[in-house]
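What follows is a set of notes on a single structure, which appears directly below.
Protein chains get the first letters and strands the later ones, always in sequence-line order, with residue 1 at the start of each.
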Amino acid sequence: MISANLSAIFYLVSGVLFILALRGLSSPETSRQGNLFGILGMIIAVTVTFLSIGTFSSGFIFVIIFIMVGGSIGAYIAYKIPMTAMPELVAGFHSLVGLAAVFVAISAFLNPIAFNLGSPGNIKLGSLIEMSIGAAVGAITFSGSVIAFLKLQGIMSGSPITFKGQHPLNALILISIVILIYLLCSTQSSNLFWILLVVSFLIGFLLIIPIGGADMPVVISMLNSYSGWAAAGIGFTLENTALIITGALVGSSGAILSYIMCKGMNRSFFNVILGGFGATDDVSSKSSKEQRPVKSGNADDAAFLMKNASSVIIVPGYGMAVAQAQHALREMVDTLKKNDIKVSYAIHPVAGRMPGHMNVLLAEANVPYDEVFELEEINNDFANADVAFVIGANDVTNPVAKTDPQSPIYGMPVLDVEKCKSVLFVKRSLSPGYAGIDNDLFYKENTLMLFADAKKMTEDITKNL
Amino acid sequence: MEIDPLIFRLSIFILSIFVGYYVVWSVTPSLHTPLMSVTNAISSVIIVGAIIAGLSGDSESVFNTSSLFGFVAIALAAINIFGGFLVTQRMLAMYKKKKKEK
């Protein structure tokens, strides 16, 4: 048994190690070391918890068993999961953090003596407030993440689900959560605690269903943030420094990522949260447009264009992930490089379904990270490049965002693909992108559409090079 | 008058938000996916609460309603800890620099 002060110091140490873990991610070279700091912090936190409880009862065996069961499931998933499924995995993990927070709160509510928080029906007021906030946020994180997971996995349709009176209903429920917490704290009634949990689960569900698939980067970041605040709430209840520090770190991390994603789409956070974007009210814009001619080509034409280019910029998007085309793409680029063609990759902040999604996929395909550039770094280079190879991206290249103030994506930062001498567009059809709008780029003089599956087309081009 | 310990925890919390703010802005955008998976893993330090909950039973009966919730929470957090750190490790191992030209 170690003293409470000593264990508090160790918790502080593990909190600092977690800060260093995030700090390491400032560059790929230091990131692996950062991850080790994180693991070390976790080992310290768990060990200190064991030591501070002290008496080695038979319960310890069960703790170890449950850690091992959970750990092997986690390890198995971590090794098996394909990189294209990272958004789903992260959403799934968020839901587990949320649920764990709820369970810890329930356990503390049922048995406050074990946590040193008073006795059942007479829990310290401060602890009860912290506990109920932690539980409510945890429940929202859980059900919200489950919906996000189902949408990403395709089990649930990615299109927004909206109904009349949705926003007033949500507002009403959020207000009722505040009232419930207030009543719970004044009456200590366990019934109110359960109602609070049910209502929180419900609002998590209702908050996410109106948000469409392309807004998932924001949703995942937001739920990331929530899971942090839930952990912090529980950290206050348990008076645990490691948990408070971590909760604050994760909470602000998720908030910043949400902000970056919103900025990448030029939309306000509230606009995303209120949802309904990309719903089917775009019928008018589609039908009013007459069929405009497009130039379409085959792998041979594309290979010819690229062979005669001296620099090529590749613009990957979600379609590349869906088609699992990243490896085929790398092989194509290898062939191009052998012909002394300069190749770089341009990544839009919201390409894919989560922040940094494209970067991970390219890294998986052994693309060196110093060939991959962010929007601001590379946007001026399009004017000097010969060929832009757009694979599975759409809205993020649409010049309409710069020219038409009526467009729903007006003002969104886009890649200046149209400035290239020629544009190759790998796409399955002319269908509009997620924002539901037509891409002017398809009809430009210098655009060649390649209608095919991204992976197959890329392989064919490689053969023709 | 003595200061409530809650104020100290609140101070830690507020300062950590600022630390988080500056640290996360310095994370390179290409590592945003590993950032999410590692924050996932570290927020599962909530396992310390789950362990206390799991061990809340007395010597005669290890299991009661409260400790059962704790044990399940332990398993959930453990999935996240192992899964989160390992998948982050796996991703980070893939980020490579350009090999020296020929």
Side-chain angles (χ1 to χ4, degrees), chain A residues 18 22-23 25-26 28 31-32 35 38-39 45 49 53 57-59 63 66-67 69-71 73-75 77-78 86 90 93 96-97 99-101 103-104 106-107 110-111 114 224 227-228 231 234 238 242-246 248-250 252-253 256 355-356 359-360 363-364 368-370 374, chain B residues 6 9 12-13 16-17 19-21 23-24 26-27 29-33 35-40 42-46 48-51 53-57 59 62 65-66 69-89 91-92 94-98:
Chain A
F18 291 149
L22 298 194
R23 175 72 201 150
L25 290 170
S26 58
S31 60
R32 286 172 276 263
N35 201 37
I39 295 172
T49 309
I53 293 172
S57 66
S58 54
V63 172
F66 278 93
I67 290 182
V69 170
I73 297 172
I77 297 172
M86 278 316 294
V90 169
F93 278 169
L96 297 184
V97 179
L99 198 58
F103 282 179
V104 173
I106 293 176
S107 180
L110 293 175
N111 190 355
N224 187 237
S227 70
I234 302 297
L238 303 178
L243 208 40
I244 295 175
I245 295 178
T246 315
L249 287 178
V250 177
S252 53
S253 160
I256 291 172
N359 302 80
V360 169
E364 186 197 14
Y369 60 80
D370 37 8
E374 304 299 317
Chain B
L6 176 67
R9 286 192 283 278
I12 295 172
F13 180 63
S16 301
I17 292 177
V19 171
Y21 180 84
V23 168
V24 171
S26 73
V27 171
S30 67
L31 292 175
H32 276 163
T33 299
L35 171 68
M36 301 201 90
S37 60
V38 85
T39 50
N40 237 316
I42 64 172
S43 55
S44 302
V45 72
I46 201 158
V48 302
I51 293 172
L55 295 178
S56 60
S59 44
V62 175
T65 329
S66 169
F69 275 112
F71 282 123
V72 178
I74 290 174
L76 295 177
I79 294 179
N80 248 345
I81 293 171
F82 283 76
F85 280 125
L86 288 172
V87 87
T88 309
Q89 196 78 356
M91 272 191 274
L92 293 176
M94 298 184 313
Y95 281 82
K96 289 185 200 83
K97 240 191 162 129
K98 204 181 326 192

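The candidate with the highest count of non-hydrogen atom pairs below 4.5 Å against chain B, out of A:Val90, A:Leu99, A:Val97, A:Leu249, is A:Val97. Your options are B:Leu86, B:Val45, B:Ile12, B:Val19, and the one with the most heavy-atom pairs under 4.5 Å with chain A is B:Val45. Counting heavy-atom pairs closer than 4.5 Å to chain A, the top residue among B:Asn80, B:Ile51, B:Val87 is B:Asn80. Chain B forms the most heavy-atom pairs under 4.5 Å with one residue out of A:Ile234, A:Ile77, A:Ile73, A:Ile39, and that residue is A:Ile39. Taking A:Asp370, A:Thr49, A:Val69 one by one and counting their heavy-atom pairs under 4.5 Å with chain B, the maximum is reached by A:Asp370. Contact count against chain B (heavy-atom pairs under 4.5 Å) is highest for A:Leu25 among A:Leu25, A:Leu22, A:Val104, A:Val250. Listed options B:Thr65, B:Val23, B:Val72, B:Leu6 were ranked by heavy-atom pairs under 4.5 angstrom with chain A; first place goes to B:Val23. The choice from A:Ala114, A:Ala45, A:Ala363 that makes the most heavy-atom pairs within less than 4.5 Å of chain B is A:Ala363. Comparing B:Ser44, B:Ala77, B:Ser43 by how many heavy-atom pairs each has under 4.5 Å with chain A, the most go to B:Ser43.
Remark: the backbone N or O of B:Ala53 is not paired with any side-chain donor or acceptor of A:Asn111 at under 3.5 angstrom. With B:Arg9 contributing its side chain and A:Ile244 its backbone, the two residues share no donor-acceptor pair below 3.5 Å.
The shortest distance between side-chain heavy atoms of B:Ser30 and A:Glu374 falls below 4.5 Å. Contact check for B:Met91 versus A:Glu364: no side-chain heavy atoms found under the 4.5 Å cut-off. With contacts defined as side-chain heavy-atom distances shorter than 4.5 Å, the pair A:Pro28/B:Leu31 qualifies.
Between B:Ala78 and A:Gly71, the shortest heavy-atom contact is CB-N, 3.7 Å. Closest approach of B:Gly20 and A:Ile256 over heavy atoms only: O-CD1, 4.3 Å.
Relative ring orientation between A:Phe66 and B:Phe71 is described as parallel, the plane-to-plane angle staying below 30° on a 0-90° scale split at 30° and 60°.
No side-chain donor-acceptor contact under 3.5 Å links A:Asn359 and B:Thr33. Under the 3.5 Å distance criterion, with hydrogens and angles disregarded, a donor-acceptor pair is assigned to the side chains of A:Ser107 and B:Ser66.
At a 4.5 Å heavy-atom cutoff, the contact between B:Val38 and chain A is made by side-chain atoms alone. At a 4.5 Å heavy-atom cutoff, the contact between A:Ser26 and chain B is made by backbone and side-chain atoms alike. Looking at B:Ile42, both its backbone and its side chain come within 4.5 Å of chain A, counting heavy atoms on both sides. With a threshold of 4.5 angstrom between heavy atoms, A:Leu238 approaches chain B through side-chain atoms but not through N, CA, C or O.
Contacts of A:Thr246 classified as side chain to side chain donor-acceptor pair (under 3.5 Å), with partners at least two apart in sequence or in another chain: none. In this structure, A:Arg23 has no salt bridge (charged side-chain N to carboxylate O under 4.0 Å, His left out) partners at least two apart in sequence or on a different chain.
Considering B:Thr39, B:Leu76, B:Ile79 as possible partners of A:Phe93, the one that fulfils the side chain to side chain contact (heavy atoms under 4.5 Å, CB included) test is B:Ile79.
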Original post:
Do A:Val360 and B:Tyr95 pass the side-chain contact (heavy atoms from CB on, under 4.5 Å) test, and can you show the C-alpha distance, the side-chain angles, and the key distance before you say yes or no?
Top reply: CA-CA 8 Å; A:Val360 169; B:Tyr95 281 82; 3.3 Å; yes

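The CG atom of B:Asn40 sits 10.0 Å away from atom OG of A:Ser253, with the distance rounded to the nearest 0.5 Å. Note that OG of A:Ser252 and CD1 of B:Ile17 are 6.5 Å apart. Values are rounded to the nearest 0.5 Å.
The environment of B:Tyr21 atom OH is sparse: at most 12 non-hydrogen atoms of other residues, nucleotides or ligands sit within 6.0 angstrom.
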